[in-house]
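Notes follow the structure.
Note on naming: letters A, B, ... go to the chains in the order of the sequence lines (proteins, then strands), and numbering restarts at 1 for each one. Reckoned from all heavy atoms, side chains included, excluding hydrogens, waters and symmetry mates.
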Protein chains: 2
Amino acid sequence: MTGARNVLWIMCDQLRFDYLGCSGHPHLETPNIDALAARGLRFDRAYVQSPICGPSRMSFYTGRYVRSHGSSWNKFPLRVGEPTLGDHLAELDVRTVLVGKTHMKADLAGMRRLGIDPASDVGVRVAQCGFEPFERDDGLHPAGPYDPDPPYDAWLRALGYQGENLWEEWANSAEGPEGALLSGWLLEHADKPARIPAAHSETAYMTERAMAFLEEAGADGRPWCLHLSYIKPHWPYIAPAPYHALYDRRHVLPPVRDPAERQDPHPILAAYLQERFSQAFARQGVRERVIPAYMGLIRQIDDELGRLFRFLEEKGLAETTLIVFTSDHGDYLGDHWLGEKELFHECSVRIPLIVADPSPAADATRGTVCDALVEAIDLAPSFLEWFGGAPKPHVLEGRSLLPLLRGEPAAGRPFVVSEYDYAMRRARTDLGVPIGEARLQMLFDGRWKYIHAESFRPLLYDLQSDPAEFHDLGADPALAGERARLHELLSGWARRPASRITISDAEIAERAGREIRANILIGYWDEAEVAEARRRGTGVPEREPQ
Amino acid sequence: MTGARNVLWIMCDQLRFDYLGCSGHPHLETPNIDALAARGLRFDRAYVQSPICGPSRMSFYTGRYVRSHGSSWNKFPLRVGEPTLGDHLAELDVRTVLVGKTHMKADLAGMRRLGIDPASDVGVRVAQCGFEPFERDDGLHPAGPYDPDPPYDAWLRALGYQGENLWEEWANSAEGPEGALLSGWLLEHADKPARIPAAHSETAYMTERAMAFLEEAGADGRPWCLHLSYIKPHWPYIAPAPYHALYDRRHVLPPVRDPAERQDPHPILAAYLQERFSQAFARQGVRERVIPAYMGLIRQIDDELGRLFRFLEEKGLAETTLIVFTSDHGDYLGDHWLGEKELFHECSVRIPLIVADPSPAADATRGTVCDALVEAIDLAPSFLEWFGGAPKPHVLEGRSLLPLLRGEPAAGRPFVVSEYDYAMRRARTDLGVPIGEARLQMLFDGRWKYIHAESFRPLLYDLQSDPAEFHDLGADPALAGERARLHELLSGWARRPASRITISDAEIAERAGREIRANILIGYWDEAEVAEARRRGTGVPEREPQ
C-alpha cells in the first residue's frame, strides 16, 4: 500500500458520550477505543447539529448547520446541489467511501429537474450524499417499505440462513422455547441473545466490508476517506452472544432524573414525556433490561474495532491514516424521564469524539483531553485540511480541528448550536404548532444552555450550578438578562448568511471596487475625473485591499 | 392565437416608484403605464428584497429572500439547484421566456460538479436562471470584459452602424462638434441625444423582440410567461431624440434632502456619502443635467409599451394575459445626498408595481390603489397561482397577490424585509468590516423602518412623523423599546428555516407519526402494546391529523 494520507472515520449510531471506558463509564470496557484515545485527542465537549440521525448526519456530511442544508428530519431529502464532503474531497482526487449507514434520502425531484441520471457517476454521488457507496446499509430493514434484500441479507442467505426478512428474523430477533421468534424490537427481549453468532452480526459484517474496501483501495492507490458507519448501538436493542450477557442490572447506572423535572414542565418537554419511548423508559425494569444490551453492543463494536485497527497496522496504514471515532447523537435511556434522543440534554446532544492524528505534529496533544467546544460540522473542514485543500469558510460552517490536535493556538468557538424540527412528532400535534414553527434551537456557551422554542418561552439550564440539567430556568425572572443575552447570540447566529456558497471571500476581496477596470463608469462628470481615477488605478478607495 | 392564459411581466431597471404619472410625478407623462394602472391594481407599497440589480432579480426569479438564494451581490452566481420560477412553471408546461436583462451569473462550478452540460436544455435553463433566453441582454456592454457582440450590436451592424462597440459608441454616446464621441457614461453629456434614433435604441429593440416572441409563441401554442426586461432608465443616462429634450431643469423636482442628514451620520451612511456617485449628485447642476434624461428614458419606455399593448390587443391576447409592470429597485438621484441605490430610503427600496388581471374576478379592484405591504418575491407565487399550480410555501417565500387583486380577504403581511451585502463597497473597506459581516437588513412595518447593521448600531426612521426619512432615530434613547421590538421581529424572520425545500408541509403532515405502519417499533415492551397500537391504527396520538 502507498504512503498516501487517508482518513478512517468511524461513526456509531445513538452512542452516548459517556458510554465508553475512556469517557468515564465505570463498568463498560472499551479497551480498543480507549487505546485510540490514548494515541489521539479526545474532545470532551463535542456536540451534534441536531440530536437525531438524519439531520445530524447531513450536517456531518456537508459541514453545514441544519438551517443551511435544510434536511431537518429523517428522510427529508438533501437538496440537490448542496455541496458535500465527497464533492470537496473529489476536487483533491480523494475517494470518499461509505461502508454502512448515512440516512441519506436523495432529492429525486431535484435530480430530475436538473437532468441528473441517478445511474450516472454524478447521480450516484448526489444520491449517496457525496459518498462512493462501497456498502450502503442504513441498518433498518423491517418487513415493509425498506429495501427487501440488502447485501447484508444476501450475505446471511449465502451463509445458509432462511426466511422472509433475515435482518429482522435472525440478526434482530431472539429465539424462544420451541423456536418461537422473539422480536428484538420489543424491549422485553433485550436480555436475550440474537439468533445469530456475533461473527454474523451487522457490526461484524460492516467491519469485514471495511477491510474489503481497504484491500481494494490498496490496489487502487488513490487516497481515501472511509466512512465506516455502524448502525449499533441504535435500536433494536439486541446483541448476539456473548455480548448479550456481558452486563446486567449491576452495571446499570442509576437514572439521571429528578422528580422536579416532571413538575410543571415546559410544554415541549411535557409532550416528550408523553411519548411512548419516554414512558417506557420511565417504567420500572425497562432500563435494567435494555441498558445491558446497549452496553453489550458497544463492547462488540470495540472488539471489532480492535480487529480493524490490527488490520490497519498489518497493512502499514496506521502511520498515514487519521482515525476519527464518533457518534451521530446520544440516547436518553430513561435519563430525565425520557427515551430516544431529539432534545438537548447532554446525554442526547453531546457525542464522543476521538481524533487520532498519526503525524508528529500531533504528538503535542496525544493522549490528552480537549475541553474546547466543538461541533460535528468541524469534521468536514478538518478532513479538507488533512488532505491539503484550501479552506472554504463560505461553504463549510465548521472549523478545522487540526490546530487543536497540534496544540496550536486556535480561536475558540464561543458557543455551539444544535437544532431540532419536531414537525413529525406528537409535540407538534399535541400543542397545535404549525409545521413551519415546530423548531427548537439550542445555544450552549459552556455554561448556559439556552433553548429557543418558537412560540413558547425558552428553556435554560445552568450547567455550572446544575450539571445534571434538572432545573429549567427558562422562566426564572432573575435570569431575564442572561436569557436576553443568549437569545441575541442565537439570533446573530441565525442572521448570518449561509447560502452565499458560490463565491469565496477571497474572490470578493479581489473583485471589490474594480468597476473602472471593466469600463463601467458610475458617477463621473467628465473625462478628467475618469482619467484621474484611472491614474489611481481603481475607481475606489485608497484603503481597498490589494 | 389560443385562449391560453399568459403572463407579460415587464420590468424596468432602476425606475423609482415615484417617477410615473400614476404614482404622482407632476411633470412626467406616462399615459400607457397609467392606463395599465387604470385597468389593473397599483400596489403603492411594494418593496424589493435587495436595492441592487442582481440580488433583487434573483429574489424576483426565485420567489425567495436573498438570505435564502444566496446571490447577495451582482454576479455572485446563483447556486445550482436553487429552484426558479421557470422550474415551477415548467411543471405546468408553461414556457418562461426572457427578453432582456436578468443579471444572472451561472454557477458553472456547481454545474460542472453535477455534470450539467451548459449546452443542454437543462443546462441553458440552469444557466439562464430558469428562463428560455429568447433574447438575453443585460444591457451593459462596455468595451472590455463583456460579450463583445451581443445580438443588439449585430442588429445595429445590420442597420449599417460601424465601430468597435456599437452599444457604447452609438446607443450610449452623443456626438460633439466635428463628430467627436461624447460618452454617455459621463454625466455632463446627459442632456445630449444619443447618436441613434429612438427606433434603434435598446428600449425599442427589446420591444420588437418581445413582439417577435409573441408571434412565435402564437405558432407554438403553449402558454407562456414572458419577462420583458428593459435596461432603462438605468445608466448610462442618455436618451435618443426626442426623449433627450422632452424635459428640462424646470421639470426636475427639488432634492429630498436635509442638512441634518450630513451631521454625524451613521457610519454606513457616512461611507456612502463619500461614494463618487453620491458626491456627484450632491454637486450643483448634476441633478438638473441627469434627471431630464432619466425622465426621457422613462417616457420612451411608456411609448414603447403603448405600442406593445396595442400589439397585444390586435393579437387577441389582452383578454387572457396578466400584465405586470415593475422595477428591480429605485435610484437616489441626489435625494438624501446620495446617488445610485443600495440603501433603504424609499426612493431606493420601494418600486412601482402594477398588476392588470383581465379576469372578471379582478373587476373588484380595477383602477384602484392597494396600500398593503407587498414584496418582489410575491410575484413568483402569483404567477404559479395564475397558471393553476399548487402553492409551494416551503420553497416560495412570497405570497400570491391574486387574492388582493380579486378583493378577497387576504392575511396582511406585517412587514417587508430587504437585505444588502456591502462587501463589494468602500463602506466595507473604509470601516474595516470583515466580508462575512458586511450586511444590512431592513424591516419596515408600514411605519417604522428598522435597519440592522451588523457590528454597528441600527438605523431607524419613523415614516409617520418623518415621511421624508431625514431623521435617523437609531440612537434615540427614547426609542430603545421600539428598536428592541423591531430587532426581535427581524431576528424571528432570520430564524425561520428557508432551506427545507425538498418536502412540503402537506407531505410532512401525511408522514408524521406513521412509524408503526413501517414496522418500526420504538418503545414497545411487548406484543400486547404493539397490537394495541396497531388496533388504534397509528403509533401516535389521538390528535394526529388524518
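Of the atoms belonging to A:R64, it is side-chain heavy atoms, and not backbone ones, that fall under 4.5 Å from chain B. For a residue to count as touching a neighbouring chain, one of its non-hydrogen atoms must lie under 4.5 Å from one of that chain's; by this rule A:R113 touches chain B with backbone and side chain alike. Both the backbone and the side chain of A:A423 come within less than 4.5 Å of a heavy atom of chain B. Heavy atoms of A:H452 lying under 4.5 Å from chain B belong exclusively to its side chain. In this structure, chain A has no heavy atom under 4.5 Å from any part of B:W493. Looking at A:D526, the atoms closer than 4.5 Å to chain B (heavy atoms on both sides) sit in the backbone and in the side chain alike. Within the 4.5 angstrom heavy-atom criterion, atoms from both the backbone and the side chain of A:V286 approach chain B. For A:E437, no part lies under 4.5 angstrom from a heavy atom of chain B. Contacts of A:E527 with chain B are made by both backbone and side-chain atoms, with heavy-atom separations under 4.5 Å. For B:Q274, no part lies near chain A; criterion is any non-hydrogen pair under 4.5 Å. If you measure heavy-atom distances from B:W525 to chain A, the contacts under 4.5 Å come from both the backbone and the side chain. Of the atoms belonging to B:P83, heavy atoms from both backbone and side chain fall under 4.5 Å from chain A.
Between chain A and the options B:V530, B:D505, B:I522, the largest number of non-hydrogen pairs under 4.5 Å is found for B:I522. Counting heavy-atom pairs closer than 4.5 Å to chain A, the top residue among B:L114, B:I503, B:I501 is B:L114. Of the listed residues (B:D107, B:D87, B:V66), the one with the most heavy-atom contacts under 4.5 Å to chain A is B:D87. Per-residue counts of heavy-atom pairs under 4.5 Å with chain A were compared for B:I116, B:I435, B:V122; the largest is that of B:I435. The choice from B:E419, B:E529, B:E168 that makes the most heavy-atom pairs within less than 4.5 Å of chain A is B:E529. Contacts with chain B were tallied for A:H487, A:E82, A:K105, A:E91; A:H487 has the most, counting heavy-atom pairs under 4.5 Å. Chosen from A:G115, A:A280, A:S68, A:P77, the residue pairing most often with chain B at heavy-atom distances under 4.5 Å is A:P77. Among B:L490, B:L182, B:V80, B:L521, the residue making the largest number of heavy-atom pairs under 4.5 Å with chain A is B:L521. The candidate from A:M111, A:R125, A:E188 with the greatest count of non-hydrogen atom pairs under 4.5 Å with chain B is A:E188.
Remark: side-chain polar atoms of A:N172 are paired, donor with acceptor, to backbone N or O of A:W167 under 3.5 angstrom. Under a 3.5 Å cut-off, the side chain of B:S278 and the backbone N or O of B:Y272 do form a donor-acceptor pair. A:S71 places a side-chain N or O within donor-acceptor distance of the main-chain N or O of A:F76, the cut-off being under 3.5 Å. Side-chain atoms of A:N165 come within 3.5 Å of backbone N or O of A:H141 as a donor-acceptor pair. Under a 3.5 Å cut-off, the side chain of B:N74 and the backbone N or O of B:G54 do form a donor-acceptor pair.
Not counting sequence neighbours, A:Y422 has no partner by the side-chain hydrogen bond (donor to acceptor under 3.5 Å, both in side chains) test. Residues that satisfy the ring pair (Phe, Tyr, Trp, His ring centres under 6.0 Å) test with B:H88, not counting sequence neighbours, are absent from this structure.
The pair A:E454-B:R495 meets the salt-bridge criterion, since a charged nitrogen lies less than 4.0 angstrom from a carboxylate oxygen.
Contact between B:R289 and B:A190 at its shortest, heavy atoms only, is O-CB, 3.4 Å.
Of the N and O atoms on the side chains of B:E340 and B:W235, at least one donor lies less than 3.5 Å from an acceptor on the other residue. A donor-acceptor pair shorter than 3.5 Å can be found between the side chains of B:E507 and B:S504.
Residue B:E397 forms a salt bridge (charged side-chain N to carboxylate O under 4.0 Å, His left out) with just one option from B:R67, B:R500, B:R496, and that option is B:R496.
Proximity of the aromatic rings of B:W185 and B:Y237 is defined here by a centroid distance below 6.0 angstrom, and this criterion is not met.
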